Amino acid sequence: MSKKNVPYRVYLSEKELPESWYNIRADLPGLSPYLNPKTKEPVVPDDMKAIFPMALIEQEMSDERFIEIPEQVRELYRSFRPSPLCRAYNLEKLLDTPARIYYKYEGNNPSGSHKLNTAIPQAYYNYKAGIKRLATETGAGQWGTALSVATQLFGMECTVYMVKVSAMQKPYRKLIMETYGANVYASPSNQTQTGRSVLEKDPENMGSLGLAISEAVEDAATHEDTNYALGSVLNHVLLHQTIIGLEAKKQMEKIDEYPDMVIACCGGGSNFGGIAFPFLHDKIRLGKNIEILAVEPAACPTLTKGKFAFDYGDVAHLTPIIKMYTLGHNFMPPGIHAGGLRYHGDSALVSKAYHDGLIGARAVHQTDVFKAAVQFARSELILPAPESAHAIKVAIDEALKCKETGESKSILFCLSGHGNFDLTAYEEYLSGKLTDVEYPDEMLEKGYESLPTV
Ligand SMILES: *Cc1c(COP(=O)(O)O)cnc(C)c1O
C-alpha cells in the first residue's frame with residue numbers, strides 16, 4: 001500500500017472543524033487527585049478559585065468524554081484552523097524509506113506554535129468570568145506570545161514572567177509579546193515576593209520555569225481582577241489541544257489512512273497529548289494497534305529517568321501537588337536550546353498513560369535533534385522549532401528502521417511550531433559549537449530528595 005496519490009497537504013474545510021474536544025480522563029481510570037500544597041488533602045474546586053475561572057476548574061476535573069467547544073472559540077479558531085496535515089514526500093525521498101511520513105503543522109498562526117489552541121479558550125473563559133488581566137510564565141517565549149495574542153482579542157491585559165535566560169537569548173520573542181500588548185518581566189523579577197527573595201540570595205539567578213510559575217501564580221493570587229494561565233501540564237490545557245489529533249484523524253480518514261505510529265515531543269505534554277490522545281482513545285476503546293511515542297531531551301529526561309511521584313509544579317510550593325513523572329521541583333535544567341522542553345514534571349494524564357504502558361518514551365540528544373531539524377528544513381522547507389525537532393528526530397529514526405526491514409509504516413508526528421526565532425540555536429549547531437548535555441545520576445538523585453512526603 002504505497003498511497004502514492006495522497007496530496008502534499010490534506011485540508012479540512014472550516015465546516016469540518018471539530019465541535020468538541022476529547023477528554024481522556026473518561027478513558028483513563030485510576031488517576032490520582034491533585035493535592036492541596038498546604039493541607040495535602042485532595043484539591044476541591046474552591047482551592048483553585050483564586051487563580052482560575054470556574055469553567056476551567058470544571059474542565060480540569062470533568063470525566064465527560066467530549067466537551068463542546070464554545071461557538072466564539074470556534075469562530076476564533078477558524079482564523080488559523082483547521083491546520084494542514086502534510087505528507088513529507090521530500091523527506092521520505094531524502095531518507096529513501098518505504099515509510100509514509102505525515103506531520104500536522106501547528107506553526108501557521110501568529111504565535112508560531114500549537115499554544116494558541118489553548119490560549120484562546122483560556123482567555124475566553126476568563127473574560128466570561130469578568131477577569132481583566134492574566135498573569136503567566138513563559139520559557140522559550142511561545143506560550144507568552146500565544147497568551148498575548150489571545151488576551152488582546154478579548155481586550156484583556158497580559159503580564160508575562162519570562163525565564164531570564166530565555167529573555168536574554170531571545171530578545172525578539174519579548175518584542176513580539178510587547179507588540180501584542182503584554183507587559184514582560186525577566187524572571188526572577190522584583191515584581192513579586194518570590195522573585196525578590198530569590199534575587200536577594202542570588203542576584204545572578206538565570207531563572208527556571210518552576211520559578212516563573214511561582215511569580216505568576218503569586219501575582220494572580222494577590223490581585224482580585226487577575227487570574228493565572230498555564231500553557232501546558234494541566235488537564236484543561238491538554239483537553240484544548242486535542243483539536244490537533246481530532247483534526248488529524250479526520251484528515252487521515254479522507255485519504256484512507258490510519259497511523260501505525262504517532263510521535264510528538266514532550267515538555268509538559270500538551271502538544272503530545274493534543275495529537276496523541278484522540279488516537280489513544282482508539283487504542284483503549286477500539287483496540288487499535290498503534291504505537292505512541294513521547295520524545296524528550298536527554299538533558300531533561302522526565303519520563304525516561306524521572307520518578308512517578310507526587311510533586312509540586314513550582315519552586316515556591318504554590319501549585320497543587322500532582323502525581324506525575326518528575327525530576328524534582330528544584331530541578332535546574334541545563335541550558336539546552338529546546339526551552340519548551342525543560343520543565344521538571346509532566347502532565348498527570350501523560351504520566352498515567354506512560355505508567356500504564358499505553359505509550360512509550362524516548363530521550364534524544366540535541367546535536368542529533370538539530371541534525372534532523374536541518375534535514376527536515378532542507379527537504380520540507382519549514383524551519384522547525386527545536387522542540388518539534390525532537391519529534392522529527394524519532395520519526396526519521398523510525399523511517400530508517402522501515403528501510404532496513406522493508407516495512408511500509410504510516411508515521412504521524414506533530415510539528416508543534418516553527419523555529420524562526422531560534423536562529424541563535426541554529427547558528428550554534430551550524431558552527432559546530434553545540435554540545436550534548438546528559439544529566440548526571442547524582443544530580444537526579446538530588447532532585448528526588450526534594451519530593452514531598454504525602
Ligand atoms: C511549548 C512548546 C513545546 C513543549 O510544550 P508541550 O506542552 O510539551 O507541548 C513544544 N513545541 C513547541 C513549538 C512549543 O512552543
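Every number for a ligand or one of its atoms is a count from 1 in the order of the listing. Just so it is clear, the structure is predicted and the values come from calculations on it, not from any experiment.
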Pair Tyr312 and His329, ring centroids less than 6.0 Å apart: yes

Phe279 ring center near Tyr258 ring center (under 6.0 Å): yes

Mutual orientation of the aromatic rings belonging to Tyr22 and Phe66 [parallel < 30°, tilted 30-60°, perpendicular > 60°]: tilted

What residue and atom, counting heavy atoms only, is the protein's closest point to [atom], and at what distance?
atom: atom 7 (O) of ligand 1; result: Ser232 OG, 2.5 Å
atom: atom 8 (O) of ligand 1; result: Gly267 N, 2.6 Å
atom: atom 5 (O) of ligand 1; result: Gly340 O, 3.9 Å

Any Gln241 heavy atom less than 4.0 Å to ligand 1: no

Modelled atom types, side-chain donor and acceptor of Ser270 and His114, under 3.5 Å: yes

Heavy-atom nearest option to atom 10 (C) of ligand 1, drawn from Glu387, His390, Lys115: Glu387

Pick from Gly273, Cys266, Ser416, Gly417: the one approaching atom 11 (N) of ligand 1 most closely through a non-hydrogen atom: Ser416

What atoms of ligand 1 come closer than 4.0 angstrom to any heavy atom of [X]?
X: Ser113; value: 13 (C), 15 (O)
X: Gln142; value: 13 (C), 15 (O)
X: Asn271; value: 6 (P), 9 (O), 10 (C)
X: His114; value: 2 (C), 3 (C), 9 (O), 10 (C), 11 (N), 12 (C), 14 (C)
X: Leu341; value: 4 (C)

Residues, nucleotides or ligands: over 12 heavy atoms within 6.0 Å of Met168 CE: no

Crowding at CD, Glu68 (>12 non-hydrogen neighbours, <6.0 Å): no

Taking the basic N atoms (NZ, or NE/NH1/NH2) and the acidic carboxylate oxygens, is any pair closer than 4.0 Å for [X] and [Y]?
X: Lys249; Y: Glu253; answer: no
X: Lys393; Y: Asp397; answer: yes
X: Lys250; Y: Glu247; answer: no

Under-4.0 Å heavy-atom contact with ligand 1, by part of Ser270 that carries it: both

Cys265-ligand 1 polar pair, N/O distance under 3.5 Å: no

Sub-3.5 Å N/O-N/O distance, Gly231 and ligand 1: no

